[in-house]
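Working notes, beginning with the structure itself.
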2 protein chains.
Amino acid sequence: MMSNTYQSTAEELIRKEGGRATEGRVRILALLLAEEQAITHREIEERLPGQQPDRVTLYRVLQWLADRGLIHKITSDDRVWRFHVNHAAYSRQHAHFKCTKCAKVVCLEDLPSGRHMTLPTGYQFQTIELTVKGLCAQCV
Amino acid sequence: MMSNTYQSTAEELIRKEGGRATEGRVRILALLLAEEQAITHREIEERLPGQQPDRVTLYRVLQWLADRGLIHKITSDDRVWRFHVNHAAYSRQHAHFKCTKCAKVVCLEDLPSGRHMTLPTGYQFQTIELTVKGLCAQCV
DNA sequence: TTCGTTATCGCAACTCAGTTGCACAAATTG
DNA sequence: CAATTTGTGCAACTGAGTTGCGATAACGAA
């Protein structure tokens, strides 16, 4: 069951961003705070106890949280966004791991020193996106 | 206009895989052989001169070519697959570059030595997917 | 060259993630 | 409390990709 701490932390974080701490926002952010992995829109819906907010509202809340840097979106090869809270360690660029069997996604702390990749002449570096694929501990 | 060389190379490659060298397959593969960048399903449709094959056929041809290793699919954050021929340099793992302005995608030859990324204990490495983002020479 | 097999194509209809527009509801402010 | 802003819920839409199935056309054998 969800600890009350996450609820109040979520509320606090949302207020700090100058947004209204509505029930939906608080519940969604609290759920993400309690979650280890990066999870999809679908998974969030499934894990929200009781009455779920409207699909569209969920998308909008997630976008709102991402815009304010409270969470981040992760691309994947299954064309589905996954969402994860921005803990201190993950607040900036980091790599992701995706299990090729169970599709679980977790954040990895360090980004290898690939920052100096040689680009074609005239190209300008901005960011790097790195996903390591393999089997997670449960699927090995 | 498309060189005849690509047509015959395409036909040869398809035959070598034991498939029927149908008009659609040959035209699509020839187009990809002539193409520098990794392009989307949509872009392929647009660039096919004259009568286009059915949408579904195009998807199936691309899947068929990818299954046989003649081309490879590239993930992106816009939820659209891009396709690129497997030249010798790109036949195995390599990084990709995506322009954040014009969405152009090109293949980069080298993959940085990120193979020794530290994974959580019990996790097993398989492959690495790396996309560098920035501005291409035309968009700088 | 024709013929039979069967790989491949084309169509229609579908799935699924995500988006947009708009009226309504709930906060917040004066 | 009225006015304004902010967020929600519904319906309808978009766009990529998929599935089922009957029709078509490669290609090897005769």
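Proteins get letters first, then strands, A, B, ... in listed order; numbering begins at 1 in each.
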Protein-nucleotide distance ([X], atom [atom1]; [N], atom [atom2]), rounded to Å:
| X | N | atom1 | atom2 | answer |
| --- | --- | --- | --- | --- |
| Leu58(B) | dC9(C) | CG | P | 10 Å |
| Leu48(B) | dC9(C) | CG | C1' | 15 Å |
| Leu62(A) | dA17(C) | CG | P | 14 Å |

Worksheet item: How about His87(B) and His72(B): are their ring centroids closer than 6.0 Å?
Response: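 No, too far apart.
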Worksheet item: Do Thr127(A) and Gln93(A) have side-chain N/O donor and acceptor atoms under 3.5 Å apart?
Response: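 Side chains of Thr127(A) and Gln93(A): no pair found under 3.5 Å.
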Item to complete: For DNA chain D, note the earliest and the latest nucleotide, 5' to 3', having some atom under 4.0 Å of a heavy atom belonging to chain B.
Response: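 Nucleotide range with atoms under 4.0 Å of chain B: dA16(D) to dC27(D).
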Any salt bridge between [X] and [Y], counting N to O under 4.0 Å?
| X | Y | result |
| --- | --- | --- |
| Glu45(B) | Arg55(B) | no |
| Lys98(B) | Glu129(A) | no |
| Asp77(A) | Lys73(B) | no |

Discussion item. Judged by each residue's nearest nucleotide on DNA chain D, which is more toward the 5′ side, Arg55(A) or Gln51(A)?
Written reply: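 Between the two, 5'-proximity favours Gln51(A).
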Worksheet item: Within the structure shown, what part of the strands sits under 4.0 Å from Thr22(A) by heavy-atom distance: base, sugar-phosphate, or nothing?
Response: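 Counting heavy atoms under 4.0 Å across all strands, the contact made by Thr22(A) is with sugar-phosphate only.
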Discussion item. Mind checking if Gly19(B) touches a base, just sugar-phosphate, or nothing, with heavy atoms under 4.0 Å?
Written reply: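 Sugar-phosphate, no base atom in range.
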Fill in: Pairs satisfying ring-ring contact (aromatic ring centres under 6.0 Å, His included), at least one member in residues 8-39 of chain B, at least two apart
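Pairs touching residues 8-39 of chain B that pass the test: none.
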Worksheet item: Tell me the ring-ring contact (aromatic ring centres under 6.0 Å, His included) pairs involving residues 36-57 of chain A, sequence neighbours left out?
Response: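 The answer is His41(A)-Tyr59(A).
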Fill in: Nucleic acid footprint by protein, nucleotides 20-27 of chain C - heavy-atom cut-off 4.0 Å, B for base, S for sugar-phosphate alone
BB----BB
Discussion item. Starting from Leu48(B), can I reach Ile71(B) by hopping between I/L/V/M/F/W/Y residues whose side chains sit under 4.5 Å apart?
Written reply: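 Yes, same cluster.
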Worksheet item: Any donor-acceptor pair under 3.5 Å linking the side chain of His84(B) with the backbone of Glu36(B)?
Response: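 Such a contact is found between His84(B) side chain and Glu36(B) backbone.
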Worksheet item: Any donor and acceptor pair, going by atom type alone, linking the side chain of Arg68(B) with main-chain N or O of Gln63(B) inside 3.5 Å?
Response: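 Side chain of Arg68(B) to backbone of Gln63(B): no pair is present.
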Worksheet item: Given that Arg15(A) and Pro53(B) both sit by DNA chain C, which one's nearest nucleotide is further toward the 5' end?
Response: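 Result of the comparison: Pro53(B).
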Worksheet item: Does any residue of residues 68-85 of chain B have a heavy atom under 4.0 Å from DNA chain D, and if so, which ones, in number order?
Response: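 Those residues are Arg79(B), Val80(B), Trp81(B).
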Discussion item. Applying salt bridge (Lys or Arg N to Asp or Glu O under 4.0 Å), can you list everything that pairs with Lys104(A), at least two apart in sequence or on another chain?
Written reply: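 Salt bridge (Lys or Arg N to Asp or Glu O under 4.0 Å) list for Lys104(A), sorted by chain: empty.
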